[in-house]
Amino acid sequence: MAAIESTLTPGTATPPPALEALPGRTRDLVPGAIILAFIAVALPVVGSVPTWITLTVAALAMGMMLFIMASGLTLVFGLMDVMNLGHAAFVAVGAYTATLLVGPLRHLLESPSVWASLAAIAVVIAFSMLVTAALGWIYERLFIKPVYGDHLKQILITIGSMIIIEQLVLVLFGANQMLLPLPEAVRGSFLFGDVAIERYRLVAGAVGVVVFTGLTLLLNRTRVGLLIRAGVENRSMVEALGYRIHGIFVGVFVAGSALAGLGGVMWAFYREQFTVAIGAEVLVQMLIIVIIGGLGSVTGCFAGAMLIALSTNYVSFLLPDLALVSNILVMMVVLLWRPQGLYPVNKH
């Protein structure tokens, strides 16, 4: 080594310095910390530990169901730039489709076995998601394809299509309330002293975690997710590389429709009785969740759903008169703090 160095003359160019490694993606933990702080602050305000635990667990489970319904909307809204206000119709179709299996699966729904009940729920979910996915493909062909890039026309046509679908549902199923009874084994609550935790809320929470994990892995760890994110950033470049980005986006829309159907099933099981307005009743909440989470952000949608559900439950218990405006107040505070939402897609 010394011999080599001795042969170098003062005018000899030195090798360039090694490049520094690119910094890794930073994780924004502030929104999560705020949600945990919100839960902690609610304890002394509620006053009773058992009541606080019950309210918190119930809110988290409700937040999971809201996340499932809103996740499809944030995918379509944020990644495809399509303002699909007809998303609520897919929630209703998923709920109504589930009622078709009450008769054929009655022996499983009424069985005291937990595994039989979970199998019945899984079959109902799979069937409803298949139906809403097929409807989503037809819906995209008929209503969305002609209005790509025009937000005003998208708003008008998707609201009109929602009315059309809801009226078709009424024609097929009638105007009476529909019944979707909970499976026998997931009725009731687990009692831990004075704390009561409903069994179905635990099931809903588990389904929500599976959906969140699956979407996160799909978008961040797979080739399809890479193409989706690349298509959002520069569609023409992706198409120049030979990929049919429109076909991928149609798949995103179909997946969003299927998620709406899944959310409709979970929400219908939770309510057990519902009408065709089951989706429209939570449309405002879904829009608020998508907005405060950050358009197209699955993580933001998840955090927004938790925040909305927690505030709704706590405010409904402490100040029932303010329950109707609590969601709007949360949205105002979040957007004043972060106008692009909790987790903007361009940063995450």
Side-chain angles (χ1 to χ4, degrees), residues 27-71 182 186-213 216 263 266-267 269-271 281-282 284-294 297-338 341-343 348:
R27 295 184 178 275
D28 188 357
L29 302 179
V30 175
I34 289 177
I35 293 174
L36 293 177
F38 184 41
I39 295 174
V41 169
L43 175 57
V45 177
V46 172
S48 169
V49 174
T51 302
W52 172 75
I53 295 175
T54 301
L55 287 173
T56 302
V57 173
L60 294 177
M62 186 176 74
M64 289 294 187
M65 288 184 277
L66 290 173
F67 162 71
I68 294 171
M69 288 184 282
S71 59
L182 268 177
V186 296
R187 287 183 176 275
S189 305
F190 292 109
L191 297 178
F192 303 95
D194 294 331
V195 178
I197 300 176
E198 293 183 26
R199 297 178 181 180
Y200 179 70
R201 292 185 185 270
L202 297 180
V203 175
V207 173
V209 170
V210 170
V211 172
F212 173 68
T213 304
T216 302
M266 302 305 297
W267 195 245
F269 267 129
Y270 171 69
R271 295 185 53 179
E281 291 170 354
V282 293
V284 173
Q285 285 180 303
M286 288 192 288
L287 290 173
I288 290 174
I289 289 169
V290 170
I291 291 170
I292 68 176
S297 171
V298 173
T299 303
C301 181
F302 184 83
M306 296 302 108
L307 191 58
I308 288 297
L310 288 167
S311 63
T312 299
N313 261 27
Y314 292 148
V315 173
S316 296
F317 177 77
L318 297 169
L319 300 169
D321 293 337
L322 294 180
L324 293 176
V325 299
S326 61
N327 295 339
I328 304 297
L329 293 176
V330 170
M331 182 176 68
M332 290 174 56
V333 172
V334 170
L335 294 183
L336 286 173
W337 171 44
R338 290 190 172 181
L342 295 174
Y343 288 97
H348 296 273

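The first residue of the sequence shown is numbered 1, and numbering continues consecutively from there.
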Which distance, rounded to the nearest 0.5 Å, do you find between the [atom1] of [X] and the [atom2] of [Y]?
| X | Y | atom1 | atom2 | value |
| --- | --- | --- | --- | --- |
| Leu310 | Leu36 | CG | CG | 9.5 Å |
| Tyr200 | Ser189 | OH | OG | 14.0 Å |
| Leu202 | Leu60 | CG | CG | 11.0 Å |
| Phe192 | Ile53 | CZ | CD1 | 10.5 Å |
| Leu66 | Met286 | CG | CE | 8.5 Å |
| Leu307 | Ile34 | CG | CD1 | 8.5 Å |

[X] side chain near [Y] side chain, heavy-atom distance below 4.5 Å:
| X | Y | value |
| --- | --- | --- |
| Ile289 | Phe67 | no |
| Cys301 | Tyr343 | no |
| Phe269 | Val203 | no |
| Arg271 | Glu281 | yes |
| Trp267 | Met62 | yes |
| Ile197 | Thr54 | no |
| Met64 | Phe302 | yes |
| Gln285 | Ile288 | no |

Give a yes or no on whether the backbone of [Y] and the side-chain of [X] come within a donor-acceptor separation of less than 3.5 Å.
| X | Y | value |
| --- | --- | --- |
| Ser316 | Asn313 | no |
| Trp52 | Ile39 | yes |
| Ser326 | Val315 | no |
| Ser71 | Ile68 | yes |

Atom of [X], atom of [Y] and distance for their closest heavy-atom approach:
| X | Y | value |
| --- | --- | --- |
| Leu342 | Pro31 | O-CG, 4.0 Å |
| Ala303 | Ile35 | O-CD1, 3.6 Å |
| Ile308 | Thr312 | O-OG1, 2.8 Å |
| Val46 | Leu318 | CA-CD2, 4.2 Å |
| Thr299 | Phe212 | CA-CE1, 3.9 Å |
| Leu191 | Ala196 | CD2-CB, 3.7 Å |

Report yes or no: do Tyr270 and Arg201 form a side-chain donor-acceptor pair below 3.5 Å?
yes

Pair Tyr314-Thr56, side-chain donor/acceptor within less than 3.5 Å
yes

Is the Lys NZ or Arg CZ of Arg199 less than 6.0 Å from the centre of Phe190's six-membered ring, within 45° of the axis?
yes

Option passing side chain to side chain contact (heavy atoms under 4.5 Å, CB included) with Met331 (candidates Val334, Asn327, Leu335, Leu329)
Leu335

side-chain contact (heavy atoms from CB on, under 4.5 Å) between Asp28 and Arg338, intermediate numbers included:
CA-CA 13 Å; Asp28 188 357; Arg338 290 190 172 181; 2.5 Å; yes

